[in-house]
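Sequential numbering from 1 along the given sequence is applied to the chain's residues. Indexing begins at 1, ligand by ligand and atom by atom, following the structure's order.
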Amino acid sequence: MADTDLPQALVQRGLRKELMPRHVAFVMDGNRRWAEARGLTTAEGHEAGGRALKKILQLSVAWGIRAITVFAFSQENFRRPEEEVDCCMELIEQGIRDEMEEYTRNGIRLHVIGDPSTRPASLQDAVREAEEMTRNNSRFHMILATCYSGRWDIVQACRELAAKVQDKLLNPEDIDEAMLAGHLSTNVLGEFACPDLLIRTSGELRLSNFLLWQSAYTELYFSNRMWPDFDEDEYLEALKNFQRRERRFGQRKPSSQESN
Ligand code: IPE
Ligand code: MG
């Protein structure tokens with residue numbers, strides 16, 4: 001679809017172009033329960049989750065969203081059985097290798113965020129290759145949070161700032177919110193580092209250590225669908241719901257004097 005067809009395609013789906021989120025984050029939850037309900041293995045659940053992600057990425061690009069950040073594997077997920085951890089690492093690596101060409105063709109830049117030291121070497125190689133191969137793309141940013149946690153992100157930013165203070169490049173009193181945000185891993189997105197909308201599937205109502213700092217003013221949407229069943233219709237529901245929200249960022253509305 002050409003970019004010029006965008007507004008019409010969005011209107012047909014009941015969306016308004018000017019109210020589209022620029023950055024959407026996803027907690028892709030429910031793969032195991034989806035598989036269990038169908039008598040499938042957990043690995044098959046994660047595979048189905050990968051297929052759902054591919055579709056959601058394509059839709060996001062087609063609808064003119066600028067970035068998605070997806071929680072593929074948390075630091076806490078390392079506490080799962082070894083077999084499942086290995087399976088997830090392999091699926092993530094394979095997914096990156098399989099999609100690299102398509103990302104390049106479609107102007108998608110891949111960023112992988114999270115603690116690289118906890119990733120298998122072959123996954124790290126795939127990440128480096130894909131980030132390098134897509135680095136000149138700017139139409140869309142795909143941020144894959146792998147071996148990531150929100151608290152880790154804040155801690156690693158603090159360490160970088162502390163090192164600068166130690167090297168006398170920075171005074172502690174000069175550290176402000178913008179500077180700390182500038183050291184978070186989502187800073188690769190610049191002005192839209194903070195998601196406008198965060199969608200979590202599977203009916204769980206929590207953030208689970210995802211983008212803690214970045215979600216301070218993010219609109220939250222919880223879907224009861226398991227992630228492999230999160231499809232175009234459900235994504236549209238979330239976006240329509242988002243477009244009905246009034247975002248005030250703690251300020252008063254200019255027209256009325258209503259608060260919060
Ligand atoms: C999400 O699905 C995928 C990962 C966190 C890796 P889950 O594996 O958490 O599935 P449920 O929540 O147990 O159903
Ligand atoms: Mg889960």
Work out how many protein N, O or S atoms lie closer to the Mg ion (ligand 2) than 2.8 Å. 1
Residues R200 and R206: closest non-hydrogen pair is NH1-O, 2.7 Å
Please verify the inter-ring angle class for Y148 with W152; under 30° counts as parallel, over 60° as perpendicular, anything in between as tilted. perpendicular
[X] near ligand 1 by a heavy-atom separation under 4.0 Å:
X: R80; answer: yes
X: E204; answer: no
X: G30; answer: yes

Establish, from distance only, whether the side-chain atoms of T41 and E44 form a donor-acceptor pair under 3.5 Å. yes
Under 3.5 Å, is there a donor on one side chain and an acceptor on the other for S202 and R33? yes
Are any of the N/O atoms in [X] less than 3.5 Å from those in ligand 1?
X: N77; result: no
X: W34; result: no
X: R33; result: yes

What atoms in ligand 1 come closer than 4.0 Å to a heavy atom of A72? 6 (C)
For atom 3 (C) of ligand 1, the closest protein heavy atom turns out to be N31 ND2, 3.4 Å
Can you report which non-hydrogen protein atom sits closest to atom 13 (O) of ligand 1, along with the distance? R32 NE, 2.8 Å
Which segment of M28 sits under 4.0 Å of ligand 1 when only heavy atoms are counted: backbone
Which bit of E76 gets closer than 4.0 Å to ligand 1, counting heavy atoms only: side chain, backbone, both or neither? neither
Sorted by chain and number, sequence neighbours left out, side-chain hydrogen bond (donor to acceptor under 3.5 Å, both in side chains) with R51 holds for none
Only distances under 3.5 Å count here; give the side-chain donor-acceptor pairs of residues 233-240 to other protein atoms, sequence neighbours excluded, each with its distance to 0.1 Å.
unit_1, atom_1, unit_2, atom_2, d
E234, OE2, S223, OG, 2.9
Y235, OH, S60, OG, 2.9

Apart from V155 itself, what residues make up its hydrophobic cluster, given side-chain heavy atom links below 4.5 Å? none
Please report the C-alpha distance between F78 and F73 in whole Å, then the side-chain angles of each, then the deciding distance to 0.1 Å, and finally whether the ring pair (Phe, Tyr, Trp, His ring centres under 6.0 Å) criterion is met. CA-CA 8 Å; F78 277 113; F73 197 87; 5.0 Å; yes
So that I can tick it off, tell me whether E160 and K164 are bridged by a salt bridge, with the cut-off set at under 4.0 angstrom between side-chain N and carboxylate O. no
What's the separation between atom CE in M133 and atom CE in M100, rounded to the nearest 0.5 Å? 6.0 Å
Could you give the distance from CD (E18) to CG (L10), rounded to the nearest 0.5 Å? 10.0 Å
